[in-house]
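Small disclaimer: the values here were computed from a predicted structure and weren't measured. Chain letters run A, B, ... following the sequence lines, proteins first, then strands; residues in each count from 1.
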Amino acid sequence: MDLTPRPLGLKSDDTLRLVSWNINSVRARIHHVEHLIETYQPDVICLQETKAMDDVFPSKIFQKLGYEHRALHGQKSHHGVATLSRIKHTNEAKINWCEKGDARHVQVDVGGFELHNFYVPAGGDEPDVTINEKFAHKMQFLAEMETWAGSLNKPTIMLGDLNIAPLEHDVWSHKALLKVVSHTPVEVEAMNRIFKAHDWVDAVRHFYDDDSTKLYTWWSYRARDWKAANKGRRLDHIWVSNSLKPALKDATIATNLRGVEKPSDHAPIILDLDKSKLPDA
DNA sequence: ATGGTTGGCGTCCAA
């Protein structure tokens, strides 16, 4: 079975290509980044779970590959996000979600929109806020995102590892996962509230709008054969303001990068935007 | 079948 939803067409000069990828350690997988860049030539790369402080982030390698503009929000051992760009970005900022000091967000202005790169807490094993502090943290994070989304007043793209698979066909088995953190109704409802708090478009599902199409971005390391089992979940997302909808060109999930040696457990997700239909930068 | 694997300044934790 071919897991790639649909290959992207050749990248043309009028395309702005965005990638979001939970890389699970940027240092362990720097060659995978090089492979991603060779294959797709993205203009902007948003990474999550970089697991590296800014002083050990492989900035020189990205510089050499043409990503001169970097917004790093790193943390030792855990979390960490980074937005790397070939085009100039401005107004770099970080939000301290849940007042925990975790490196789970970085934003920039680029390409005529605000770009927010997120790593939402996974939430632990037990979907019960009264006994699982990690799940309580996840729910609080989502509540803060709802308020944040309601306050947006510019064309915005938000993306990253949101650690929720909202739709029935965003998981391999809706029924089997109803009580599994990432697909519980309480999480999906919280995600839907964020979706309603701003005029969002789910930019990846937009190109596969037949809701019966299974789309996954993550496959557990624990499966003997991830591809054969194909018990995936769509945990990674790109949402764009409705005002940016005319610029949407194509999207895909780069499952080839889940199949390489020592892969991340997440595949990159890729969005192509029509530069001529974006607001002036 | 409640297992299984991965990365990190790590000898367990979080994912």
Separation of the C1' atoms in B/dC13 and B/dC9, to the nearest angstrom: 14 Å

Between B/dA15 atom P and A/Asn163 atom CG, what is the distance in whole Å? 8 Å

Hey, which of these two, A/Ser25 or A/Ala122, hits DNA chain B nearer its 5' end, going by closest nucleotide? A/Ser25

Rounded to whole Å, how long is the line connecting atom CG of A/Asp236 with atom C1' of B/dA15? 13 Å

In whole Å, what is the span from the NE2 atom of A/His32 to the P atom of B/dT6? 12 Å

Measure from NZ on A/Lys51 to P on B/dC9 and round the result to the nearest Å. 9 Å

Atom P, compared across B/dT5 and B/dG10: separation rounded to whole Å: 23 Å

Enclosure of A/Asn192 CG (heavy-atom neighbours >12, cutoff 6.0 Å): yes

Please report, rounded to the nearest Å, how far the C1' atom of B/dA15 is from the CZ atom of A/Phe141. 16 Å

In whole angstrom, what separates A/Lys100's NZ from B/dA14's C1'? 12 Å

Length of the CG-P vector between A/Asn22 and B/dT6, whole Å: 16 Å

Classify the nucleic acid contact of A/Arg224 as base, sugar-phosphate or nothing, counting any heavy atom under 4.0 Å across all strands shown. nothing

Of all pairs that satisfy ring pair (Phe, Tyr, Trp, His ring centres under 6.0 Å), the ones with a partner from residues 30-61 of chain A, not counting sequence neighbours: A/Phe57-A/Phe62

If the test is salt bridge (charged side-chain N to carboxylate O under 4.0 Å, His left out), which one of A/Arg17, A/Lys11, A/Lys277, A/Lys249 qualifies with A/Asp272? A/Arg17

OP1 or OP2 of B/dC9 versus the side-chain N and O atoms of A/Arg27: is any pair under 4.0 Å? yes

Could you give the distance separating B/dA1 and B/dT6 at their P atoms, to the nearest angstrom? 26 Å

Whether A/Arg29 contacts B/dG7 is assessed here as follows: a side-chain N or O lying under 4.0 Å from the phosphate OP1 or OP2. Is that the case? yes

Determine: side-chain N/O of A/Lys76 to OP1/OP2 of B/dC9, distance under 4.0 Å, yes or no. no

P atom, B/dG8 versus B/dG4: distance in rounded Å? 22 Å

Phosphate contact (B/dC9 OP1 or OP2) by A/Ser77 side-chain N/O below 4.0 Å: yes

Quick one: sort the A/Trp200 and A/Trp239 rings into parallel, tilted or perpendicular, breaks at 30° and 60°. tilted

Using atom C1' of each nucleotide, how far apart are B/dG7 and B/dT2 to the nearest Å? 23 Å

NZ of A/Lys231 versus P of B/dG4: gap in Å, rounded? 15 Å

Name the residue closer to the 5' end of DNA chain B, choosing between A/Asp265 and A/Val26 according to the nucleotide with the nearest heavy atom. A/Val26

Name the residue from A/Asp161, A/Asn163, A/Asn117 that meets the side chain to side chain donor-acceptor pair (under 3.5 Å) definition with A/Gln48. A/Asn117

